[in-house]
There are 2 protein chains.
Amino acid sequence: MATLNDVAKLANVSKMTVSRVINHPEKVTDDLKQLVYQAMREIDYHPNVAAKALVNNSTRIIKFCVLEDIDTTEPYYMNLMIGIARALDAQQYSLQLVTRRNFDIGNCDGYVVTGMRKDDFEWVGKLKKPLVIFGENRFGFDYVDTNNKAGTFMISNLALKRGYKRLIFIGMDSRESFEYSREAGYLQLLQENQMLPEIHRFDNHSHLSQKFVVDNWDKFEPDTCFICASDRLALGAERAIESCGGLIPKDYGVTGFDGVFLNQVAFPQITTVKQAIVEMGMACGDRLLDKIMNHVDSAGSLMFEPQISMGGTIRDAAK
Amino acid sequence: MATLNDVAKLANVSKMTVSRVINHPEKVTDDLKQLVYQAMREIDYHPNVAAKALVNNSTRIIKFCVLEDIDTTEPYYMNLMIGIARALDAQQYSLQLVTRRNFDIGNCDGYVVTGMRKDDFEWVGKLKKPLVIFGENRFGFDYVDTNNKAGTFMISNLALKRGYKRLIFIGMDSRESFEYSREAGYLQLLQENQMLPEIHRFDNHSHLSQKFVVDNWDKFEPDTCFICASDRLALGAERAIESCGGLIPKDYGVTGFDGVFLNQVAFPQITTVKQAIVEMGMACGDRLLDKIMNHVDSAGSLMFEPQISMGGTIRDAAK
DNA sequence: ATTTTGGATGTTACCGATAACATTATTTTG
DNA sequence: CAAAATAATGTTATCGGTAACATCCAAAAT
């Protein structure tokens with residue numbers, strides 16, 4: 001591998017000049033810069049990351065920590081990682097996947113943490129290095145997330161516009177911030193339209209929502225739409241309605257939230273709130289690098305506006 | 001952070017002795033070793049990875065490349081990564097997630113590649129660094145994988161023992177090695193029992209297997225079991241049978257292959273071939289590090305014996 | 001007793017980059 | 001036009017380790 005020195009010799013300048021061309025180009029004359037660029041291209045120079053890390057007393061490693069049990073996880077996190085990795089790669093940082101278990105092994109320059117529950121915040125607050133959290137929180141940590149409230153508001157609104165008369169919210173039985181926000185979007189829409197909210201909560205498993213809908217089937221007249229806080233819950237509702245002989249989307253609607261993977265096993269596809277996960281991952285990476293490189297304490301949070309992914313579980317137009 | 005030097009001073013020896021205690025302990029007397037260990041503990045010494053990397057002309061980075069389109073991917077890879085990362089962490093290596101797109105950015109010491117199709121092998125063959133592939137192949141590359149053939153053999157055998165008379169294989173329409181192996185396991189069992197094999201192939205989407213079963217429902221008498229090459233295909237078959245009024249597992253059986261995630265949205269849970277994915281990831285990592293550290297060209301391949309995960313889509317005992 | 005040998009430890013140079021300082025060339029200023 | 005300020009480039013020391021070589025000293029061989 002070509003080194004700074006090789007470039008310097010070829011361009012007939014000192015190492016320092018080459019280093020400056022890279023890090024402080026404004027301090028080098030254009031003539032020399034051209035020479036150096038030329039030489040770099042000629043021998044395909046790539047800086048040695050380890051040497052850089054050594055002088056800067058950094059590691060160029062970012063730890064990505066998923067606190068949630070990964071077995072129960074959707075490919076969500078994979079896409080998120082792709083996004084983070086993409087942002088980091090561009091700056092020659094590398095991403096290290098850790099769990100609670102091996103969190104402390106080895107050093108790093110910063111963290112992206114996700115899957116946090118309320119109990120985790122105390123622990124995370126003790127981290128000394130720059131940090132970005134994926135997933136909204138109300139503890140003052142910088143985060144990146146989808147605008148959860150806007151998502152359920154939008155999709156509830158869509159259901160209403162398409163003529164469903166009764167909107168039932170099937171939420172996740174967890175006291176986490178994102179769940180509150182999703183419920184809040186639903187509640188706001190119902191309030192604005194002076195409708196009566198109905199919220200039911202279950203653990204995030206399709207068979208629980210399925211059982212609920214089946215068990216209460218006689219109470220659900222046509223023109224009911226189930227606004228679900230996750231695609232899993234939506235999938236359960238969809239299956240329940242079909243097994244009870246309800247017609248989707250003609251008489252019954254179902255909406256989900258996530259829009260990543262489950263849709264590939266649902267039929268008809270669920271109309272859902274789709275999140276730009278790769279982009280959010282990139283945002284996590286960019287924000288974190290920004291904090292690291294500019295020694296900023298807090299960079300603020302970022303909400304991505306969600307989009308609705310049209311499936312076949314909401315009718316095309318009002319009857 | 002404490003350095004070698006700090007330890008040396010505290011133990012009243014030279015840097016070199018400390019370094020030797022770490023890398024060539026047999027060359028240091030026990031007395032000194034004790035002193036050094038004591039000092040290391042006292043100031044909580046952790047070697048600086050960047051400095052190590054610099055002298056060894058290494059990066060301590062392993063690239064993990066998923067060639068398959070990740071959007072269509074199950075959480076499979078997430079678990080695999082956890083395993084790889086676990087193995088690498090123990091040796092202070094870090095894992096970098098790359099795609100084809102950013103594959104060439106930055107240096108590394110070795111690769112774990114997965115999701116390879118036949119066309120990819122030429123390209124992969126050109127890689128200069130140590131390599132381990134996740135997923136069986138017939139091109140001579142070292143790999144780690146589940147014993148696919150044994151998996152379908154075992155589960156087909158189970159279906160037979162539980163009294164299903166007709167075993168239909170629903171495979172993936174791909175000419176990849178793992179698919180051939182899964183079919184081979186099925187074929188072998190049928191041959192040994194002098195039964196007539198029936199193989200149908202579809203792209204790996206649940207609605208395709210679903211449609212197939214629905215469309216041909218009148219041809220499937222009770223006591224038929226569908227041996228599927230993936231959980232997705234199994235899920236489709238399961239839904240089809242239910243929608244046609246078939247009874248699972250009493251009259252119809254369904255088996256899958258993978259056993260990671262889909263089971264969380266299937267009801268009843270699919271009886272499937274379960275793979276030890278985290279362990280396989282660790283094996284990938286360990287083998288790769290072994291190749292790197294011992295400068296071995298080929299370390300041979302490794303097959304993990306699969307296990308059957310009992311769900312509710314195969315009956316408990318023969319009728 | 002003296003030389004030889006070999007094991008244990010220390011010294012030095014180096015990996016590839018950068019910051020801080022030193023030097024040189026150029027421009028500005030009194 | 002000389003002195004001072006400024007800009008452009010080079011030199012040196014350093015980050016935290018390790019390999020290669022140098023030194024030292026006790027045991028073995030002569």
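The sequence lines fix the lettering, A, B, ..., with proteins before strands; numbering per chain opens at 1. Atoms considered below: every heavy atom in the structure, side chains included; atoms not considered: hydrogens, waters and symmetry mates.
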Pair B:K52, B:N23: side-chain N/O donor-acceptor within cut-off below 3.5 Å: no
Whole-Å gap separating P (C:dG16) and CG (A:N23): 17 Å
Between the side chains of A:T59 and A:D109, is a donor N or O closer than 3.5 angstrom to an acceptor N or O? yes
Nucleotide C:dA19, atom C1' - distance to NZ of A:K27 in whole Å: 10 Å
Heavy-atom contacts under 4.0 Å between residues 4-20 of chain A and DNA chain D, which residues? A:V13, A:S14, A:M16, A:T17, A:R20
Do the side-chain N or O atoms of B:H24 get closer than 4.0 angstrom to the phosphate oxygens (OP1, OP2) of C:dA8? no
Write down the distance between CD1 (B:I22) and P (D:dA19), rounded to a whole number of angstrom. 12 Å
Going by atom types only, do A:S298 and A:D142 share a side-chain donor-acceptor pair under 3.5 Å? yes
From CG of B:N107 across to C1' of C:dG16 the rounded distance in Å is 13 Å
Output yes when B:K33 and B:D30 qualify as a salt bridge under the 4.0 Å nitrogen-oxygen rule, no when they do not. yes
Answer yes if the side chains of A:E42 and A:Q38 hold a donor-acceptor pair under 3.5 Å, and no otherwise. yes
When the axes are fitted on five pairs at both termini, how much does the helix from C:dA1-D:dT30 to C:dG30-D:dC1 curve, in 10° steps? 60°
Taking DNA chain C as the partner, which of residues 38-60 of chain B come within under 4.0 angstrom of it by heavy atom? B:L54, B:V55
